[in-house]
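Notes to accompany the following structure.
Each chain gets a letter, A, B and so on, in the order the sequences are listed, and its residues count up from 1.
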There are 2 protein chains.
Amino acid sequence: MNYQLELRHFIYFLAVAEELHYRKAAEKLFISQPGLSTQIKQMEEILGTQLFVRDKKKVSLTPAGEYLKKEVEFILNHLEQTKKQVKLIGEGQLGEVRIGFLGSAMQNVVPNLLLGLKEKFPTVHTTLEELSNRAQINAILADRLDLGFVRLSRVPKGLDVRPVFEDTFSLVLPGDHPLDEANFKNINQVADEDFILFSQDYSPMYYDTVLSICEDSGFVPNVSHKSVHAQTIFKLVENKLGIAIVPTTLQHGFQMKVKFIEMKKIKQRAVLSMVWKTDNRNPALQKCMDLLMKL
Amino acid sequence: MNYQLELRHFIYFLAVAEELHYRKAAEKLFISQPGLSTQIKQMEEILGTQLFVRDKKKVSLTPAGEYLKKEVEFILNHLEQTKKQVKLIGEGQLGEVRIGFLGSAMQNVVPNLLLGLKEKFPTVHTTLEELSNRAQINAILADRLDLGFVRLSRVPKGLDVRPVFEDTFSLVLPGDHPLDEANFKNINQVADEDFILFSQDYSPMYYDTVLSICEDSGFVPNVSHKSVHAQTIFKLVENKLGIAIVPTTLQHGFQMKVKFIEMKKIKQRAVLSMVWKTDNRNPALQKCMDLLMKL
DNA sequence: ATAATCAATAACTATGAATTATCAACTAGA
DNA sequence: TCTAGTTGATAATTCATAGTTATTGATTAT
């Protein structure tokens, strides 16, 4: 005698409220009329209110039933929507991917990913945050980020990495520097200059790589300044406070009195990788990764 | 294996989503852990989506589950509200009463009813419509009105009537008419004047009653004008186009150069009755009627 | 190792939804 | 005023399945 309301009740109720006829409603529901009768009666008992008036030969709604009908229509409709949404999210057709990236990834990889997402999965939303390598790794481990774009060769256990973009390095020189594309041969030519590099803790891999480039040429660079922003580095070069070595694509999007000399011959590459938590179950992330494989 | 989603599923789901722990959730729900496990699994099957990730020693929500949790919270909350509302409407504590009335009922009975409702059942709303006797009867029969205030002695089958207010009749005379409260004795004194009365089809009972008043005095009135609005009748009297006989309380609320002489001695009374459909199940109407019994 | 704790699985029980069969109340034709 | 044919409500029964107990396998902690 202490029953609970169930969706079944609502569906049955709505059928009767629409047909105002038990037998016809029962037929529509593919159940027997007595079953329907008892369920409606039970429902009235649960709610503590008469919902239908069964008068001589005709069924009609009470005001409470009238009210409930509207509500049930809303609830069942809302439910149907919810079911669809849940399914879509489960399939990764819908949802959110939280992306972190190094500033240098914004030149190329991240915009392409966003464009691809917009085209193939327009219902997948993204949040973007520019973060250092370390900050991205921490955020991913703490489940505050789904996907990161970093320059690291090794990542903590539980995370997966995969290179997505390889870039040559370019020398960054003041606009009026004697060296140019034509007379540049070897990085030894600038061995005595001051160097401006990205900070180690912003991207140790980059730092190590640049040092190894110099090492391969037989000198140790004199690092006078370190920074975390390309903008700052270029500004320092422009003001003749030193020269820099940066990933080639970084040059796009800045308007500075500096010149870039791409060093195609040196073997080191600036590798941008994506990182994610191995057990991340965000289905929208899967769609993202599929897309990145193709870029 | 073709199950239906039920509210039970939602309640179970929410418990697990909150506890993120099957055994604890099951305890909270007073069911066994295996039962809970199978129900959640079934739910995931119905929705076609994983809702929880059961990893080494810890349960967590998938994005789809995260979304569903919010929706379920909303739905269950909305449902609880609805249940309460339905109960209240069933008890007549809430709802709407559609009232029709003759203009003359607005002087006294209807305002008192509204005041009483506001005090005792502030959640019962009303809609008001000034309508003729006939229009009210039709509207009540067609279920467009719950309650009417009419001047009729007989009503069609299926409707109930009950007098709610008895009023004496008053003579309405131009302001400068020789007759007044002091020298008035008998309606015979105005037997030769022109009479202005409410139209028969607006209220046949009133019409008959006025005629019977005259008849009792031994004359047949000369009816020069008929109208449906007190305002019009008073205006005509003011302009000396005739005199009128109206229910006494009608005089309130008008500012006219007319004088009223209450005829307490004549036996006829202007009876205002309430009418309603015998089988009207609007519980808010019951509250209305209870109130009117006490007025 | 051992014990403890997690969720999942298997076999079983028992609740109660749904069925069939029937009834009582009413309507509409002969 | 008889049927015959509606209507929804009851009663007895069947049967699906939610929920139970008992157990397992996997993992963690001591």
Side-chain angles (χ1 to χ4, degrees), chain A residues 1-47 49-62 64-65 69 72 157-158 278-279 281, chain B residues 1-47 49-62 65 69 72 76 157-158 278-279 281:
Chain A
M1 333 287 161
N2 220 352
Y3 296 108
Q4 272 298 124
L5 216 49
E6 284 296 351
L7 287 183
R8 177 188 57 247
H9 290 119
F10 289 142
I11 291 161
Y12 290 0
F13 166 80
L14 200 57
V16 178
E18 276 167 0
E19 297 289 336
L20 291 176
H21 196 293
Y22 277 72
R23 191 183 52 72
K24 284 181 193 165
E27 240 167 60
K28 209 168 82 172
L29 294 164
F30 300 108
I31 61 168
S32 66
Q33 172 267 313
L36 181 56
S37 279
T38 50
Q39 285 298 301
I40 295 287
K41 206 176 151 204
Q42 188 187 93
M43 191 177 181
E44 290 181 324
E45 223 160 79
I46 295 168
L47 290 171
T49 311
Q50 192 114 345
L51 297 173
F52 293 102
V53 188
R54 292 83 152 171
D55 250 13
K56 335 179 165 184
K57 276 285 196 190
K58 85 166 202 290
V59 174
S60 57
L61 283 160
T62 63
K69 187 187 173 199
V72 167
K157 210 182 148 205
T278 312
D279 63 3
R281 308 281 183 147
Chain B
M1 327 305 163
N2 218 351
Y3 296 107
Q4 273 297 128
L5 216 50
E6 284 296 349
L7 287 183
R8 168 178 23 90
H9 290 120
F10 288 144
I11 292 161
Y12 291 179
F13 166 80
L14 200 57
V16 179
E18 277 167 359
E19 298 289 335
L20 292 176
H21 196 292
Y22 276 72
R23 192 181 51 71
K24 285 181 193 164
E27 239 168 59
K28 210 168 81 171
L29 293 165
F30 300 107
I31 61 169
S32 66
Q33 172 267 313
L36 181 56
S37 280
T38 50
Q39 285 298 301
I40 295 288
K41 206 176 153 207
Q42 189 186 91
M43 192 176 179
E44 291 181 323
E45 224 160 78
I46 295 169
L47 289 170
T49 310
Q50 192 115 341
L51 297 173
F52 293 102
V53 187
R54 292 83 152 173
D55 249 12
K56 338 182 161 181
K57 275 285 197 191
K58 87 167 200 287
V59 175
S60 56
L61 284 160
T62 62
K69 186 185 173 200
V72 167
L76 291 185
K157 207 179 149 212
T278 311
D279 62 4
R281 307 282 182 144

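Under 4.0 Å is where a charged nitrogen must lie from a carboxylate oxygen, and between A/Glu27 and A/Arg23 at least one such pair does.
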**OP:** Check the pair A/Gln42, A/Thr38 against side-chain hydrogen bond (donor to acceptor under 3.5 Å, both in side chains), reporting the backbone distance first and the verdict last.
**Re:** CA-CA 6 Å; A/Gln42 188 187 93; A/Thr38 50; over 6 Å; no
Original post:
Can you list the steps and then say if A/Gln39 with A/Phe13 is a side-chain contact (heavy atoms from CB on, under 4.5 Å)?
Top reply: CA-CA 9 Å; A/Gln39 285 298 301; A/Phe13 166 80; over 6 Å; no
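Distance A/Gln4 CD to D/dA18 P: 15 Å, rounded to the nearest Å. Nucleotide D/dG8 holds its P atom 13 Å from the CG atom of A/Leu29, rounded to whole Å. Taking atom CG of B/Leu36 as the reference point, atom P of C/dC6 lies 14 Å away to the nearest angstrom. With rounding to whole Å, B/Phe30 atom CZ is found 18 Å from D/dA18 atom C1'. Distance A/Phe13 CZ to C/dA17 C1': 20 Å, rounded to the nearest Å. Look at CD on B/Glu44: it is 13 Å from P on C/dA7, rounded to the nearest Å. Distance A/Ile11 CD1 to C/dA18 C1': 16 Å, rounded to the nearest Å. Rounded to an integer number of Å, the gap from B/Lys41 NZ to D/dG19 P is 16 Å.
No contact: A/Lys58 has no heavy atom under 4.0 Å from any strand. Using a 4.0 Å heavy-atom distance criterion, B/Phe52 is classed as making no nucleic acid contact.
The side chain of B/Ser32 places no N or O atom within less than 4.0 Å of a non-bridging phosphate oxygen (OP1 or OP2) of D/dG19. Contact between the side-chain N/O atoms of B/Arg54 and the OP1/OP2 oxygens of C/dA7 is not found at any separation under 4.0 Å. In this model, the phosphate group of C/dC6 is not approached by any side-chain N or O of B/Gln33 to a distance below 4.0 Å at OP1 or OP2. Phosphate proximity of D/dT7 to A/Lys24: absent, as no side-chain N or O sits under 4.0 Å from OP1 or OP2. Contact annotation: A/Tyr12 side-chain N/O to C/dA18 OP1/OP2 distance is under 4.0 Å.
With DNA chain D read from its 5' end, the first of the two nearest nucleotides for B/Pro34 and B/Gln42 is the one closest to B/Gln42. Comparing B/Thr38 and A/His9 by the nucleotide of DNA chain C whose heavy atom lies nearest to each, the residue mapping closer to the 5' end is B/Thr38.
Here CE of B/Met43 is found 15.5 Å from OH of B/Tyr3. Values are rounded to the nearest 0.5 Å. The OH atom of B/Tyr12 sits 4.0 Å away from atom CD1 of B/Ile31, with the distance rounded to the nearest 0.5 Å.
Open room surrounds NZ on B/Lys41; 12 or fewer heavy atoms of other groups in view lie less than 6.0 Å from it.
Listed nucleotides: D/dG19, C/dA8, D/dT17. Nearest to the side chain of B/Ile31: D/dG19. In the set C/dA18, D/dA18, D/dT10, the nucleotide with an atom closest to the side chain of A/Gln39 is C/dA18. Listed candidates were C/dA18, C/dC6, C/dT9. Nearest to the side chain of A/Arg8 is C/dA18.
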**OP:** Assign a letter to each nucleotide of nucleotides 25-30 of chain D from its 5' end: B, base within under 4.0 Å of a protein heavy atom; S, sugar-phosphate only; -, no contact.
**Re:** --BS--
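Between A/Ala26 and A/Leu36 the shortest heavy-atom distance is N-CD2, 3.5 Å. The heavy-atom pair separating B/Leu7 from A/Glu6 by the smallest distance is N-OE1, 2.7 Å.
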